[in-house]
Amino acid sequence: MMSNFQSNGGKPVTNYKYFITRIGLLLISIIGYQNVNAQQQLPFGAKARFGINKGVISDTAFSPDGTQITIASSIGIWVYDTATGTETALPPATPFDVSAIAFSPDSKTLATGSNEGTIWLRRMDTGAIRYFPPVHKQTVLSVTFSPDGKTFASGSRDGTIGVWDIETGKLRRSLTGHTDAVNIVAFSPDGKTLASGSSDQSVRLWNSETGELWKTFLEHKNVKIENFITELVFSPDGKMIASSGTEWPEVLVWDVKTGKVRLKYHSHNWSVYALAFSSDGTKLAIGGDTDAVEWLDLRYKNIDTPITPTDVFPTDHPGWVNALAFSSDDKVLTTVTRNGIIRFWDTTNGDQISPAISHKNFGNVLVFSPDSRTLATGNADDTIRLWDIEKEKPGTIRHESMRAPTTLAFSPDGTTLANGNANGTIHLWDIRTGKALLIRREAMKTPTTLAFSSDGTTLASAGLSQTFWWWDVSNGDVLGAVRIIDEAISEMVAFSPDSTILASVVEDNVVRLWDTINGELLSTFIGDTRDVRAIVFSPDSSLFASGGLDAFSVWDVNRNRRLTTSQGDHRSIRTLAFSLDGETLVSGCVTGKIQLWDVATAAHLTTLIDDTEEVNAVAFSPDGKMLASWSAGGAILLWDWDKIRPDQ
């Protein structure tokens, strides 16, 4: 049936229009390769890159045979073997950003849509590519195959749906009626019905053979908040369809025949990004913008009876879930986060059953060793990576807890690395061997900051709790604990370099400083910014900076007063770092900018990079010669401070 596929080295196609189209796209693809390579070039002042930028994830597809997971982004397409975690990058077919992907029922073909409205099919075994005539005027948001593999459908931002004949490559029909973008399309298990979900808040059911619209579900319109239908999935028997979307946490399960809502569930997620029925139709998994996967038990006796979920339990999940799928025997649930971390879960108890697979080198915790020769990073795939700065190669420490590190700290002699985990544990690692020296399990909330004493014998920790602790590094015993006033420390906490002060964010724009010896409140700083997301001390502990959505401020710790407040383009600060001399402040933003500021005046000095990916972390090396930055795209850049510092 797929005889029309041509490999790059095969015989010329006989259709003239296809020939011209393919030659043009292949030529542009060469330019696309060059563009991708250009994006990976080091910017001025950067001396090294660890990892590559894989771009913003646009879509994820699970192969029906369960052997492959494909992730598409603005940079390219990657395929992961679910058994081994092996990664394969697919050569680009066009220079356009990939916006939607889907596997054929036999797992041998991948359908792809782009942000320019183009569509093509790729054979997974040979790499042969087949382009389809351009029909959509805007981004293709969804593609899907019919169960028999003879048809596929595409939904577009232009509000249209394309139904394609795979054998002939022709458009069978274009379906219209939605008044806004078609975000999702899905075939029923028998292939007779095509469902579509739109930003116009409607779900529509079409006759896949004739294109006739035979049912419209409008229940999502009955809420006051405008929401966009982005998720649709049929139950295995085709009798039900589940729908949900962004900006409203409601999941609806419909009776396909009657159009009646059989279940209305208010999810813990504000936006739902993934839905999946188990193969027996008794469970519905829900993933979205909270660190949880919800499972609904949908067992029922009579199809005319409204469904009441009998078992709803959130499974602790690190990161927003963009895609999920049950195994054929329903024993395993696979999830993919928005940052490309693939995890496998036991459906009987919710436990993670194997190490995560990482699409990106993603995380938000990094720290230099005291000698500035090693960079440690806490990664979202539950690992710690130790990067040799000279060799630009990482070693890896994998956690027993299977939870991503929340904070890292080197001992003064650089031989031990401490990390905190979301499950409340603290690990000590031997840097030379990568083996755990000590695991401290305490009934405490997530530790988000750690600090060694100057002699390396004591470790201080604080986090989502009203208490901070001192631990004996040799045996893990508690040496002391201080409880502050009845006010919980937030996720944003930081020790001063001399470990005498703990800073914590207690409200959107309020930062408090505490004496780490007796727990007394030293100062309360009320800044101008909303939603403080970054706090940092200067190397000599005399200054303190806080940044958030719309500003940053620098405070004099000893005099208990604000020195400066930022001016200019400083939106959505995510991370901050002082230079070794304390004269320059570096900010990393959600918008992708890394900027340098004068501490004394808060004047903007320069912008190192203006990317599309959020900057998760920035840190200076102890010798002051390097600046490290880590973006959500997965790349860590090492900057030569002598080249980028303001006085150069």
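Just the heavy atoms: all of them, side chains too, but no hydrogens, waters or symmetry mates, feed the values below.
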Can you measure from [atom1] ([X]) to [atom2] ([Y]) and round to the nearest 0.5 angstrom?
| X | Y | atom1 | atom2 | result |
| --- | --- | --- | --- | --- |
| Leu522 | Asn560 | CG | CG | 9.0 Å |
| Ser369 | Trp387 | OG | CH2 | 15.0 Å |
| Ile526 | Arg512 | CD1 | CZ | 8.0 Å |
| Asp346 | Asp351 | CG | CG | 6.5 Å |

**Report entry** Plane angle bin for Phe620 and Trp641 - parallel if under 30°, tilted between 30 and 60°, otherwise perpendicular
**Finding:** perpendicular

Query raised in the report: Parallel, tilted or perpendicular: which describes the rings of His359 and Tyr80, with under 30° parallel and over 60° perpendicular?
Result: perpendicular

Shortest non-hydrogen contact from [X] to [Y]?
| X | Y | result |
| --- | --- | --- |
| Phe537 | Ala494 | CE1-O, 3.6 Å |
| Thr575 | Ala534 | CA-CB, 3.7 Å |
| Ser546 | Leu576 | C-CD1, 3.8 Å |
| Pro447 | Thr425 | CG-O, 3.8 Å |
| Ala628 | Leu638 | CB-CD2, 3.7 Å |

Taking the side chain as everything from C-beta on, heavy atoms only, tell me whether [X] gets closer than 4.5 Å to [Y].
| X | Y | answer |
| --- | --- | --- |
| Ile644 | Thr606 | no |
| Thr82 | Ile69 | yes |
| Val293 | Trp345 | no |

Just to verify, what does [X] make a salt bridge (Lys or Arg N to Asp or Glu O under 4.0 Å) with, not counting sequence neighbours?
| X | answer |
| --- | --- |
| Glu583 | none |
| Arg561 | none |
| Arg338 | none |

Query raised in the report: Does a donor on one side chain sit under 3.5 Å from an acceptor on the other, for Asn558 and Asp556?
Result: no

**Report entry** Pair Ser542, Asp540: side-chain N/O donor-acceptor within cut-off below 3.5 Å
**Finding:** yes

Report task. Go through the steps to decide whether Asp381 and Asn379 satisfy the test side-chain hydrogen bond (donor to acceptor under 3.5 Å, both in side chains), and finish with yes or no. Result -> CA-CA 5 Å; Asp381 64 353; Asn379 296 65; 4.7 Å; no

Query raised in the report: Hey, mind stepping through Asn339 and Thr337 against side-chain hydrogen bond (donor to acceptor under 3.5 Å, both in side chains) and telling me if it holds?
Result: CA-CA 5 Å; Asn339 297 314; Thr337 69; 5.0 Å; no

